[in-house]
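Written out below as structure tokens is the structure these notes cover.
Counting from 1, the numbers follow the sequence of the chain as shown.
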Amino acid sequence: MILDYLDGETPSDHHADLCIVGAGPAGIAIARAFAGSHLRVCLIEGGGLSGEERSQSLYDGTSSGPAPFDAGTSRMRVFGGSCTLWGGGCIPLADSDMEPREWVPDSGWPLRYDDLAPWYEKARDFCRIDATHGFGPGAFDGPTPRAPLDLDPEAMANYVFARSPITFGEAYREEMRNAPNITVLLHANALALESNESATVVTGLRIGTPKGRCGRVHARHYVLAAGGIENARILLLSDEVAPQGLGNDRDMVGRYFMDHPSGTLGTVQSATPDRLTRPYERTIGKVRAPLASEIGVAMSAQRRHRVLNGRVHPFAVEGDVPRGIRALRDVRAALRPPTRDEGALLEARLCAAMQNGPAGAVALPQGLAISAIRLGLHIGDVIRAVAQKLGDRPTVHSERVDLVGFFEQAPNRDSRVVLDESRDALGLRKVRVDWRLTDLDRHTWRTVTALTGQRLADACGGHFEAAAWVEDETVPPEVHGTAHHIGSTRMSASPDQGVVDPDGKVHGMANLHVAGSSVFPTGGWAFPTFTLIALSLRLAEQLRDLL
Ligand SMILES: Cc1cc2nc3c(=O)[nH]c(=O)nc-3n(C[C@H](O)[C@H](O)[C@H](O)COP(=O)(O)OP(=O)(O)OC[C@H]3O[C@@H](n4cnc5c(N)ncnc54)[C@H](O)[C@@H]3O)c2cc1C
């Protein structure tokens, strides 16, 4: 059942066997595993069923590191979580991403790929990826829309990833509504966990709304699934008994915070840029392909050059757009119905902030008449474009190719999520993200650029020029995060080195687990959601046995 905590009729206090904080993919995957069982599950969700600025503002934070970080726009506070905005990219970690690498300090998981393999299978079902798409360590297998390039195996390798066709809030909303043993509490924000005097057992969760309504959830067991930043924040805010926050005896909560830093490594000039870009395009016409290729750094090259994992994507940059095509785009934008829907506007704002959004998604209709006249005048451009499309050729000539890198980040104790002095509308201290990159990160960006730039340019008979920030150490790195929040409650065999044990249980606490990419000790370059869902499904089974 789905209840709204803003509704005064909804009880203030709730009792359950299992309380899960956060209805993103991690929280929904765990709750769903209990649907129809005899166990009562309470799924606490701070947002509503669609995006609202009022809920979203509770995610605002500050940034104090040398690399700017926006905690307010790189995630979404809504039922379904940040994946409401996602691109659907799914790929398992490679063996080597989980093993200790002697050139990467603090690397290595207390789990192996084989421990996750059966859960990746279940994650594929949960993400509704076709079961015919097999996978192994580090990649899916199966045909991509266009054959990838033959790459120099000394430097690079092609890796196939799958696209999930769903957003979890939409796909699983009705199941949550219809499950008699699951109560989803919307607009109920976790304020802090309460514990016994020795801070070893959680005794309750305080919940509330910005309007001042508050209450408690009492459960036998608790899971934090509030996202890669918020999991750490909630532990730090739970400081009534343990002044440093729960699970934080060793000052590890919030440390080792990572993302997948990304930046334009350089530019390829070529008369035939499409030979490089087409094999890596993710759509066939306008339809998203279920599988697509990425160019990754070969493991042998990582070892030889002592660099982190990463991938390089060639993006075609359009040259002059023919007038008829421009007019057609304007007409399409003008015909799209205007929206005042708060959720759609919020999604567009967050996507724009992440430079990830469909441009003009909420464009207002304007200049329709003029655009239509221009379209008529230049209809020849459109006919030529249709012919190009039918031949699987690009409709607009590319001016150049930008090579954009997406990298694993080195684990770094000093890169961290802490509490700020400023407060949100709930009266809780906001997060301050001190996102720090290391010499190993910089060495990786530079080395990977040198390894891949001209080699990829050769594939289209072109010339590569590296970006100034990559070449020149005195220029500040032009990198940004990619909304993959990793590591702030890292997994470790020993409590000295992390926050949770290999099962996701908070070290030293009897009944508190953490789910999500905050538990990853290292992230590879893989999109994190597929792995965090596999871990969540594994945790759900363990909790079923336990409860
Ligand atoms: C634009 C964009 C594109 C992305 N594309 C991809 C992609 O292609 N592939 C990929 O793998 N990943 C992608 N990601 C990352 C992906 O969204 C995250 O990895 C994933 O959502 C994390 O899942 P989660 O359940 O751990 O956390 P979240 O999805 O962040 O869910 C956390 C939930 O907890 C709720 N919550 C938070 N705090 C509280 C509180 N105090 N009380 C109650 N509830 C709370 C939130 O409202 C939310 O519903 C993308 C992210 C963005 C922003």
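Of the possible donor and acceptor atoms, one in the side chain of N412 sits under 3.5 Å from a partner among the backbone N and O of D414.
The closest side-chain heavy-atom distance from E230 to R75 is below 4.5 Å. Between E281 and P145, every side-chain heavy-atom pair lies at or beyond the 4.5 Å cut-off. Between T447 and V297, every side-chain heavy-atom pair lies at or beyond the 4.5 Å cut-off. Using a 4.5 Å heavy-atom cutoff, the side chains of I30 and L539 are in contact. Looking at L346 and M76, their side chains come closer than 4.5 Å, going by heavy atoms from C-beta outward. For the pair D458 and F464, the minimum side-chain heavy-atom distance is 4.5 Å or more. Residues P521 and P110 have side chains in contact (heavy-atom distance under 4.5 Å, counting atoms from C-beta outward). Within the 4.5 Å cutoff, the side chain of Y280 has no heavy atoms near those of the R146 side chain.
When only modelled atom types and interatomic distance are considered, Q409 and W435 share a side-chain donor-acceptor pair under 3.5 Å. The closest side-chain donor-acceptor pair between D441 and T444, if any, does not fall under 3.5 angstrom.
Between F69 and F257, the ring centre distance stays below 6.0 Å. The distance between the ring centers of W86 and F168 falls below 6.0 angstrom.
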Between R112 and M98, does a side-chain contact (heavy atoms from CB on, under 4.5 Å) hold up when you go through it step by step? CA-CA 6 Å; R112 288 168 308 128; M98 300 180 73; 5.8 Å; no
Check against salt bridge (Lys or Arg N to Asp or Glu O under 4.0 Å), D152 and R455: CA-CA 8 Å; D152 178 350; R455 279 183 172 90; 2.8 Å; yes
Quick one: do L265 and F407 satisfy side-chain contact (heavy atoms from CB on, under 4.5 Å)? Show the steps, please. CA-CA 11 Å; L265 307 178; F407 293 99; 4.0 Å; yes
Give the intermediate values and the outcome of salt bridge (Lys or Arg N to Asp or Glu O under 4.0 Å) for residues D496 and R250. CA-CA 7 Å; D496 293 330; R250 291 168 173 82; 2.7 Å; yes
Would you check, one step at a time, whether the test salt bridge (Lys or Arg N to Asp or Glu O under 4.0 Å) holds for R538 with D503? CA-CA 8 Å; R538 176 174 172 268; D503 294 333; 3.3 Å; yes
Under the side-chain contact (heavy atoms from CB on, under 4.5 Å) criterion, do I486 and H260 qualify, and how do the steps go? CA-CA 9 Å; I486 297 171; H260 284 136; 3.9 Å; yes
Verify side-chain contact (heavy atoms from CB on, under 4.5 Å) between Y159 and R311, making sure each step is shown before the conclusion. CA-CA 9 Å; Y159 296 99; R311 66 183 167 105; over 6 Å; no
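Between V499 and S492, the shortest heavy-atom distance links the atoms N-OG, 4.3 Å. Of all the heavy atoms in F520 and P528, the pair that sits closest is CZ-O, 3.6 Å. When every heavy atom of L308 is checked against every heavy atom of Q302, the shortest pair comes out as O-CG, 3.9 Å. Of all non-hydrogen atoms in G462 and S270, the two that sit nearest each other are CA-CB, 3.8 Å. Closest non-hydrogen pair, S63 versus A67, comes out as OG-O, 4.0 Å. When all heavy atoms of F527 and H484 are compared, the pair lying nearest together is CD2-CE1, 4.0 Å.
Within 6.0 Å of atom NZ in K430, more than 12 heavy atoms from other residues, nucleotides or ligands are found, so the atom counts as buried in its surroundings. Within a 6.0 Å radius of CD in E465, no more than 12 heavy atoms belonging to other residues, nucleotides or ligands are found. Other residues, nucleotides and ligands contribute at most 12 non-hydrogen atoms within 6.0 Å of the CG atom of D150.
Using cut-offs of 30° and 60° on the angle between ring planes, the pair H513 and H221 is tilted.
Separation of atoms CG (L235) and CG (L193) is listed at 7.0 Å; rounding is to 0.5 Å. For the atom pair CZ (R101) and CE (M299), the distance works out to 6.5 Å, reported to the nearest 0.5 Å. Here the OG atom belonging to S536 is positioned 14.0 Å from the NZ atom belonging to K122, to the nearest 0.5 angstrom.
Of the candidates F126, F140, Y113, Y113 is the only one forming a ring-ring contact (aromatic ring centres under 6.0 Å, His included) with Y120.
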